[in-house]
Amino acid sequence: MSKSTMDEFNLRIYSILDALPTGETISYGELAKQSGFKGYARQVGQLLKQLPKDSALPWFRVINSKNEISFPIDSDAYLRQKEHLEKEGWRVVGKKVKPS
DNA sequence: AGTATGGCGACGA
DNA sequence: ATCGTCGCCATAC
């Protein structure tokens, strides 16, 4: 993947994520697919992990295809994501993100 | 150049 | 529901 292609990829991911409605979630793979880069789920993860902690983008609305938070249960990141999701009406049991 | 490591995903057992 | 195994692809050594 060339550098310019990557820039394009990043922009699309940001754009889609920015437009993702409150109360909704999306998977890494789905994001990748919608951006036109099917199979780039891991790259989505890589991109999101470099976002500043106070980013305006709803990074926490991105979970894996099994509807789980992709962080170790005891990590800080896990907790932060859980808080956010619950604040938007989800119930988080372990790693599972369930509708309330 | 080869290997390990991820905020992943699909499928089979 | 859970655990392996593979496939996937950029990054870091």
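Just so we're on the same page: letters track the sequence lines, and every chain starts at 1.
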[atom1]/[X] to [atom2]/[Y] distance, rounded to the nearest 0.5 angstrom?
| X | Y | atom1 | atom2 | value |
| --- | --- | --- | --- | --- |
| F60(A) | L48(A) | CZ | CG | 12.0 Å |
| Y78(A) | E68(A) | OH | CD | 10.0 Å |
| L47(A) | L31(A) | CG | CG | 9.5 Å |
| N64(A) | I26(A) | CG | CD1 | 13.0 Å |
| R80(A) | I69(A) | CZ | CD1 | 11.0 Å |

Which residues within [range] lie with some heavy atom under 4.0 Å of an atom in DNA chain B?
| range | value |
| --- | --- |
| residues 25-35 of chain A | S27(A), Y28(A), G29(A) |
| residues 92-100 of chain A | none |
| residues 62-91 of chain A | V62(A), N64(A), S65(A), S70(A), F71(A) |

Provide the full list of salt bridge (charged side-chain N to carboxylate O under 4.0 Å, His left out) pairs with a residue in residues 20-37 of chain A, sequence neighbours left out, each pair given once. none
Pairs flagged by salt bridge (charged side-chain N to carboxylate O under 4.0 Å, His left out) wherever residues 36-49 of chain A is involved - sequence neighbours left out: none
Where protein sits on nucleotides 6-13 of chain C, one letter per nucleotide: B base, S sugar-phosphate only, - none, heavy atoms under 4.0 Å: -BBBBS--
Between dA12(C) and dA1(B), how far is it from one C1' atom to the other, in whole Å? 14 Å
Please report the distance separating the C1' of dC8(C) from the corresponding atom of dG6(B), rounded so that it comes out in whole Å. 12 Å
According to a 4.5 Å side-chain heavy-atom criterion applied to Ile, Leu, Val, Met, Phe, Trp and Tyr, with indirect links allowed, do [X] and [Y] form part of one hydrophobic cluster?
| X | Y | result |
| --- | --- | --- |
| I63(A) | L79(A) | yes |
| M1(A) | Y28(A) | yes |
| M6(A) | L17(A) | yes |

Sequence-distant partners of D76(A), side-chain hydrogen bond (donor to acceptor under 3.5 Å, both in side chains), two or more places apart: none
Could you work out, with side chain to side chain contact (heavy atoms under 4.5 Å, CB included) as the rule, every residue matching S35(A), not counting sequence neighbours? F9(A), R12(A), I13(A), I16(A), F37(A)
Those residues at least two apart in sequence (or on a different chain) that pass side chain to side chain contact (heavy atoms under 4.5 Å, CB included) with S55(A) are L51(A), P52(A), L57(A)
Sorted by chain and residue number, the salt bridge (Lys or Arg N to Asp or Glu O under 4.0 Å) partners of D54(A) (sequence neighbours excluded) come out as none
In whole angstroms, how far is the P atom of dG6(B) from the NZ atom of K49(A)? 8 Å
Result block: side-chain N/O donor-acceptor pairs under 3.5 angstrom for residues 86-100 of chain A, not counting sequence neighbours:
residue, atom, partner, partner atom, Å
E88(A), OE1, G23(A), N, 3.1
E88(A), OE1, R61(A), NH1, 3.0
E88(A), OE2, R61(A), NH1, 2.5
K96(A), NZ, K66(A), O, 2.7
S100(A), OG, G89(A), O, 2.4

Base-paired stems in DNA chain C, each at least three Watson-Crick or G-U pairs under 3.5 Å: B:2-6 with C:9-13, B:8-13 with C:2-7
